[in-house]
Amino acid sequence: MSETKTRIYVGLSFLAGILLTLGFKDVYPDLERRYQRSRNRVGSIFDRLRPPGRNVELKDATDPHAHDVQPTDYPEGIESTIGNTPIFKIKSLSEATGCTILAKAEFLNGAGNSPKDRVALNIVSRAESAGLLTPHSGDTVYEGTVGSTGISLATICRARGYHAHICIPSDQSPEKTNLLLALGATVSPVPPAPIVDTNQFVNLARRLAAEHTADPARPGRGLFADQFESEANWHAHFAGTGPEILSQTGGKLDAFVSGAGTGGTISGVALFLKPRVKGLKVVLADPQGSGLFNRVRYGVMFDAKEREGTRRRHQVDTIVEGIGINRVTRNFEVGRELVDDAVRVSDEQALAMARWLVEKDGIFIGSSSSVNCVAATQVALQMGPGHTIVTLLCDSGARHLSKFWAKAGVVADASGTSLDEVLNAVPRTAPSLSPPTSHT
């Protein structure tokens, strides 16, 4: 009996299996069609969400070669961050003038944060190639500077295995001296003096370098960087800054505006751009008290403050640091014939422009950059709407807090300030950011 039941159960199971198979065969195509329709609807939703031109590619993570990435050829050292600085449109000045006013952000050079990085690197590299500097031998680079070149040299020297000895006028902003000391440079502050004085900061640096080399008891040699006269200065801008501006603007610029201290920047850029940009106008931005304005306009190195009985302790009598000079340098003269015009900028205009750029654009710059922007704006107004003017932002306002920005005062909401008020600025009493500093 039990065996008979088992056979019956087996037969029924077999029959049920056949019936299920036949039923599923009829139903399956309909299920498959529904599944495909549902899948297509979901796919179309993701297609609409996916950004155009981007295809998702899935890779098998078990691929033994999936992680075979070639090693990257990384840039080497802080020197690799020098050059290729960005260029951008200053919105407020462009809107106010009807021109495109472009600023090349030279304060974003990564070593000393100014265009002097280019010069310092070129001076040191050329000296190394000539066998005048040997790393970690005690060799020391000496330079007379108002600050930025010294900061760049101090940084490059540290990176390359040299010492830096910087001679600087004692009336420069304390931020610069403090930064030099933090970078391990030896700093010799000296009273401001004309170039004919043997203790003038440039002359002192030259003498100290010679004394170092001549002293057998001292390790290494002394190298005088000589930024005012060395062709490594203007050539750094001929080989770097000029080509970058040409590439970044596509050659579509009508004027280049820059201040000059040593003269290397304006000469190097002019020498490169003038033959390559038809009709380009090169304009000097010069602070009050500097003789370069008259050198360009009238061919003589003279300023009203140099008249008999009016000579001052510091001839370039301005709050602006880094540009302006009352002597002829080789770096300026090499490109002077290519400088078409000059704009004189007062301290009051520079201070007002610095406040304007913070108020309108959030751009915080130092004194020489502010002079450049005043001059670029005036050139734009002279040329008329539709032109493109390029200038340089040389350094950040952080190096000028205790002097230039102490005079500029606290920036308030000045949404009603007009450009005419900036360009026609008169002396004002501003709340100081810090107690007045006496420079002697």
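The chain is numbered in sequence order, starting from 1.
- Between F364 and W405, the ring planes are tilted. Angles from 30° to 60° get that label.
- Between R399 and E321 there is no salt bridge, since no side-chain N of the basic residue sits under 4.0 Å from a carboxylate O of the acidic one.
- H237 and S267 share no side-chain donor-acceptor pair at under 3.5 Å.
- Contact check on E106 versus K116 returns no salt bridge, with no Lys/Arg side-chain nitrogen under 4.0 Å from an Asp/Glu carboxylate oxygen.
- A salt bridge is defined here as a Lys NZ or Arg NE, NH1 or NH2 lying under 4.0 Å from an Asp or Glu carboxylate O, and E333 with R295 meets this definition.
- For the residue pair Q288/T318, the side-chain donor-acceptor check at 3.5 Å is not satisfied.
- Checking T198 against N203 by side-chain atom types alone, no donor-acceptor pair falls below 3.5 Å.
- A salt bridge does not link R118 with E79: none of the charged nitrogens is closer than 4.0 Å to a carboxylate oxygen.
- Inspection of the K104 and Q248 side chains reveals an N or O donor paired with an N or O acceptor under 3.5 Å.
- The main-chain N or O of G222 is found under 3.5 Å from a side-chain atom of T213 such that the two form a donor-acceptor pair.
- Aromatic pair F332/W234: centroids not less than 6.0 angstrom apart.
- Using cut-offs of 30° and 60° on the angle between ring planes, the pair H400 and F404 is perpendicular.
- With N233 as the partner, the side-chain hydrogen bond (donor to acceptor under 3.5 Å, both in side chains) test is satisfied by one option alone out of T262, T329, T265: T262.
- Note that R276 lies in the cation-pi zone of F272, set by a 6.0 Å cut-off to the ring centre and a 45° limit from the axis.
- Comment: D340 engages K274 in a salt bridge, judged by a side-chain N to carboxylate O separation of less than 4.0 angstrom.
- Residue R207 places its CZ atom among more than 12 non-hydrogen atoms of other residues, nucleotides or ligands, all under 6.0 Å distant.
- Counting only distance, with no hydrogens or angles, the side chain of S230 and the backbone of Q227 share no donor-acceptor pair below 3.5 Å.
- Note on R221 versus D139: salt bridge recorded, some NZ/NE/NH1/NH2 to OD/OE distance being below 4.0 Å.
- Side-chain contact, S418 with E421: a donor N or O sits under 3.5 Å from an acceptor N or O.
- Contact check on R330 versus E231 returns no salt bridge, with no Lys/Arg side-chain nitrogen under 4.0 Å from an Asp/Glu carboxylate oxygen.
- Not a single donor-acceptor pair under 3.5 Å links the side chain of Q378 to the backbone N or O of A375.
- Side chain of E143 to backbone of T145: no donor-acceptor contact under 3.5 angstrom is found.
- With hydrogens and angles disregarded, a donor-acceptor distance shorter than 3.5 Å links the side chain of S370 to the backbone of A350.
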